[in-house]
Undergrad: 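My questions will all concern the structure given below.
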2 protein chains.
Amino acid sequence: MTEYFPIGEATRRTGVKAPTIRYYEQIGLLPPPPRSEGNRRSYGDIDLRRLAFIRHARELGFEIDAIRALLTLQDDPDQPCATADAIAKARLAEVEQRIRSLQALKVELEAMVEGCSHGRVAGCRVIEVLAAHCKCAHSEH
Amino acid sequence: MTEYFPIGEATRRTGVKAPTIRYYEQIGLLPPPPRSEGNRRSYGDIDLRRLAFIRHARELGFEIDAIRALLTLQDDPDQPCATADAIAKARLAEVEQRIRSLQALKVELEAMVEGCSHGRVAGCRVIEVLAAHCKCAHSEH
DNA sequence: CTTGCTCCTCTAGTGACTAGAGGATGTAGC
DNA sequence: GCTACATCCTCTAGTCACTAGAGGAGCAAG
């Protein structure tokens, strides 16, 4: 007597919207769940965990294909985890890069907000700072 | 005799790809430049600066509409900059939030990479950590 | 039994590009 | 002038990860 959850309850428990859940089913990320008499999807704990896993991974910035790879590993756990490790490592590098970028940008935005003394745009730094910074067109940051 | 740049040179100088430049023109973010005899776009310094501005703003995470708003302000600089200020402030809040998220995620990814001792997936933390974390389904981050 | 909610499928739209077809133009060497 | 070859043009269609809406069926409460 496992618990049964209709899609609405699944969205409440995982934070993934119903159309998105159906979309994940459609692209094969989530297995098609059993249906009720009235043709409604009924999810169990395992599905909910899988969904939450997907949601969290998406928030981490994993792409669907990376998640698919992880889930495949999970479904077949007698494999070396070098693959999962590689995915996580690549992702880590990206996350670090993004943090660096955003921190640089934060400094700029702060300068903008601070510089804008509620005068006219002519003297407003929001645009100036953004335009000025463009001189570094090809540098990373 | 301002300098003339064909689209290829513009991409070299701004880092924005040619199709993207045309796309920006199409959606009205970049004014249609004058054309050469042979119907080629020829950009001047102002266009390049505008393009670099757009590129940089995109990197900052501004959406096209926000950029359009900023550019409109720039084109008509005798307006109060409260609007630009508001955009920058909203963006700043978002950037800060994103940095916080990413830092949390970085910690997790590091734990994953470290925890994965090149064994089998059964004992691999990449998936465990991601799944475990899902218990916080509705918390922010 | 009606009201109102949830759910179903299906198609089409979103944002911000990106890819590719098919053709015109510009430039450098012979 | 002629031939290669790069660069450019327009146009349509595809990408990713959803999101919105139409039109209809099922279910639970009063």
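Source: prediction; values computed, not measured. Letters A, B, ... are given to chains in the order of the sequence lines, protein chains preceding strands, and every chain is numbered from 1.
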Undergrad: My understanding is that only residues two or more places apart in sequence, or in another chain, count here; which of them pass side chain to side chain contact (heavy atoms under 4.5 Å, CB included) with A:Ile27?
TA: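 Listed in chain order: A:Tyr23, A:Tyr24, A:Leu29, A:Ile64, A:Arg68.
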Undergrad: Under the rule for side chain to side chain contact (heavy atoms under 4.5 Å, CB included), what residues qualify as partners of B:Ala93, not counting sequence neighbours?
TA: none
Undergrad: Can you give me the N/O atom pairs linking the protein to nucleotides 3-7 of chain D at distances under 3.5 Å, or say none if there are none?
TA:
{"unit_1": "D:dT7", "atom_1": "O2", "unit_2": "B:Arg40", "atom_2": "NH2", "d": "3.0"}

Undergrad: Rounded to the nearest Å, what distance is computed from the CG atom of residue A:Leu30 to the P atom of nucleotide D:dC18?
TA: 13 Å
Undergrad: With sequence neighbours excluded, tell me which residues meet side chain to side chain contact (heavy atoms under 4.5 Å, CB included) with A:Ala69.
TA: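 Scan of A:Ala69 (side chain to side chain contact (heavy atoms under 4.5 Å, CB included), adjacent residues dropped) gives A:Ile87.
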Undergrad: Restricting to side chain to side chain contact (heavy atoms under 4.5 Å, CB included), what partner residues turn up for B:Glu25, sequence neighbours left out?
TA: B:Pro32, B:Pro33, B:Arg35, B:Arg41, B:Tyr43
Undergrad: As an exercise, state the distance from CG of A:Leu30 to CD1 of A:Ile54, rounded to the nearest 0.5 Å.
TA: 5.0 Å
Undergrad: Determine the contact category for A:Glu63: base if any of its heavy atoms lies under 4.0 Å from a base atom, sugar-phosphate if only primed atoms, P, OP1 or OP2 are that close, otherwise nothing.
TA: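 Sugar-phosphate only.
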Undergrad: Name all residues meeting the salt bridge (charged side-chain N to carboxylate O under 4.0 Å, His left out) criterion together with B:Arg50; count only those two or more places apart in sequence or in a different chain, and write none if there are none.
TA: B:Asp75
Undergrad: Using a 4.0 Å cut-off on heavy atoms, which residues in residues 20-29 of chain A reach DNA chain D? List them by number, or say none.
TA: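 Within residues 20-29 of chain A, the residues near DNA chain D are A:Thr20, A:Tyr23, A:Tyr24.
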Undergrad: Output the rounded distance in Å from NZ (A:Lys17) to P (D:dT19).
TA: 4 Å
Undergrad: With DNA chain D as reference, determine whether A:Pro19 or B:Ser42 sits nearer its 5' end, using the nearest nucleotide of each.
TA: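 Going by which nucleotide is closer to the 5' end, it is B:Ser42.
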Undergrad: Please list, chain by chain and in numerical order, all residues satisfying salt bridge (charged side-chain N to carboxylate O under 4.0 Å, His left out) with B:Glu96, sequence neighbours excluded.
TA: A:Lys106
Undergrad: First contact, last contact: which nucleotides of DNA chain C are these for chain A, 5' to 3', heavy-atom distance under 4.0 Å?
TA: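 Terminal contacting nucleotides, 5' to 3': C:dT6 to C:dT9.
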Undergrad: Rounded to the nearest 0.5 Å, what separation is found between the OG1 atom of B:Thr20 and the CZ atom of B:Arg58?
TA: 10.0 Å
Undergrad: Which atoms form the tightest heavy-atom contact between B:Thr14 and B:Ala52, and what is the distance?
TA: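 Looking at all heavy atoms of both residues, the shortest contact is CG2-N, 4.3 Å.
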Undergrad: Looking only at non-hydrogen atoms, find the nearest pair between B:Thr11 and B:Ala18 and report the distance.
TA: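 Taking B:Thr11 first and B:Ala18 second, the nearest heavy atoms are CG2-N, 3.4 Å.
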